[in-house]
Amino acid sequence: MSTSALLFAVKRSKLPLPPGPRKLPIVGNLFDVPETLQWETYARWSKEYNSSIIHLDLAGKSMIVINSRDAAESLLEKRSSIYSDREDFPMVNDLTGWDFVFGDEWRIQRRLFEQSFSVNASSKLEPQQCLASGDLLKWMLSDPEDCIEHFKQMTGEFVMSLAYGIDVQPSNDPYVTLAHDAIGTLGIAAIPGRYLVDSFPILKHVPSWFPGAGFKWQAHEWRKLARGMMELPFAETKRQMELGIARSSFTSDNLDVLKDADAGQAFFQERHVVSTAGTMYVGATHTTVSTLATFILAMLASPEAQKKAQLEIDAVTGGEALPTFQDRDSLPYISAIVKEVLRWKNAAPFAVPHRLTVEDEYLGYRLPAGSIVIGNAWALLHDESVYPDPHAFKPERFLLSGQLNPAIPDPEAAFGFGRRMCPGRHAATSSIWIAVAYMLATFDIQKAVDSDGQIIEPTYEYVSGLVNTPVPFKCSIKPRSPQAIALIRASGSQ
Ligand code: HEM
């Protein structure tokens, strides 16, 4: 190292860490991390310490939380070459077997994804998205009580078809159930500070029977789900390919490429197809289900928004057809509802944690190499200087004179940051847009009433995790008219 570089390094390492709560010896802030709603606590600390970035010490593991748009842009976007790794959490990667999602091969996975989910490639998915939303309407008509289950089924159907070309069963499909159970466990395992083994990796060698080693037994059970959700549908697609009955899908198309490519010519191998298809499922399902469930809650919170949206759709379709993707420009209020749903109670409040690979400096603070870096998407999407009255559901905030207002930032942080930003965001936004437009065209969504005729107020509570999902709630979903019933019956694939 040259003398000037050495002097610079010494100077840098003397810079203070960003502010944060007082650190105890050894455990640091491990016990300051709340069990739930961490993002709200981090946003509050950011205000209390008057700093857009805060620092925590999780028993020796440095963690930085970014709470403003400026800081997220400067670090996660502009310096994304050093802010884009994932943390190697022993609980997630070694013990529960999720290394296929959080491992080192993410660059190859993203190249494979981007081929399938660029804006252009995503628009090819529209016919499939319309069919999936049509099926959703039918299930909601026949069983209006259980819309969250229908959202799971719809998303499962869409992703299984896209990733593996597998048709799922109309209910209780084993692949969809397995994937949902598996991803549910990931949501718990992947929260920074939740498991001591992430701060003290040596604990992963403790035997399962050892007092306090319940996490090992739990990880053992969870691992079966994680590996099963990745391996079983892939094996089924391969079996169908051998029989010559496989449909075109992400998996079969890419395996065909490998078969045709001369050895070593393709930039990926079979194991990348397996892990990318599995990651696709993980990325797509809980997030989309949570966002659609939030849409229903939003309609309960704001009957006025629902009425305006229905009037807008009726003016375009005359109530005689379902809206289509071609109507998008004529339905700005629907687009504003989708943006507001993504913002209001964003599904992944702190996206997925990133990792800083080399030491960095920001606003006079030292950001240590190896830090876990959390982009607090919730804080950015509830910043009152950008979105006034941020806790209210107000699609109008995205509109000016009845059209989408380009001056109001899109809720992009809902899809994460920089090079790790969700590669499925275009597909996700259009899936949600068409499902929302179909539901509003055909159903009235209202608060449920109990046997005494009293309105049941939803709690608007969420189960906290990497992906937040609404606690099951009651609502009343009724077709808007006999004409709407006829439209529902004529839609979908089944
Ligand atoms: C409303 C629906 C969705 C939301 C809110 C959402 C949100 C996110 C977020 C916050 C991340 C982490 C970004 C980061 O690390 O900064 C992510 C990653 C990812 N998402 Fe999505 N997502 C959605 C739908 C989808 C869909 C439909 C797909 C695929 C078809 C998908 C595939 C992925 C993948 C593969 C990753 C991992 C990317 C990586 O690690 O580099 N997502 N998503």
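Not measured: the values here are computed from a predicted model. Read the numbers this way: they start at 1 and go in the same order the structure lists the ligands and their atoms. Below, all heavy atoms of this structure are taken into account, side chains as well, without hydrogens, waters or symmetry copies.
Between the Asp327 side chain and the Thr324 main chain, a donor and an acceptor come within less than 3.5 Å of each other. In this structure, Ser302 contributes its side chain and Ala298 its backbone to no donor-acceptor pair below 3.5 Å.
Applying the 6.0 Å contact sphere to CZ of Arg69 captures no more than 12 heavy atoms from other residues, nucleotides or ligands. Open room surrounds CZ on Arg111; 12 or fewer heavy atoms of other groups in view lie less than 6.0 Å from it. Counting heavy-atom neighbours within 6.0 Å of Asp329 CG, excluding the residue itself, gives a total of 12 or less.
Taking every heavy atom of Thr291 and a limit of under 4.0 angstrom, the matching atoms of ligand 1 come to 1 (C). Within the listing of ligand 1, atoms 35 (C) sit less than 4.0 angstrom from a heavy atom of Phe113. For ligand 1, the atoms closer than 4.0 angstrom to any heavy atom of His354 are 14 (C), 15 (O), 16 (O). The atoms of ligand 1 that sit less than 4.0 Å from any heavy atom of Ala414 are 5 (C), 7 (C), 10 (C). Near Ile432, meaning under 4.0 Å from one of its heavy atoms, ligand 1 places the atoms 1 (C).
Looking at Arg419 against ligand 1, nothing comes within 4.0 Å, counting heavy atoms. Of all the heavy atoms of Arg425, none lies under 4.0 Å from any atom of ligand 1, so neither backbone nor side chain is involved.
Using a 4.0 Å cut-off between charged side-chain N and carboxylate O, Asp253 and Arg247 make no salt bridge.
In this structure, atom 27 (C) of ligand 1 lies nearest to the protein heavy atom Ala284 CB, 3.5 Å.
Distances from atom 6 (C) of ligand 1 to the heavy atoms of Phe415, Trp106, Phe417, Phe250 show the closest one on Phe415. Considering only non-hydrogen atoms, atom 19 (C) of ligand 1 lies nearest to Pro423 out of Pro423, Gly278, Ser431, Gly424.
Gln128 pairs in a side-chain hydrogen bond (donor to acceptor under 3.5 Å, both in side chains) with only one of the listed residues (Ser161, Ser133, Ser431), which is Ser161.
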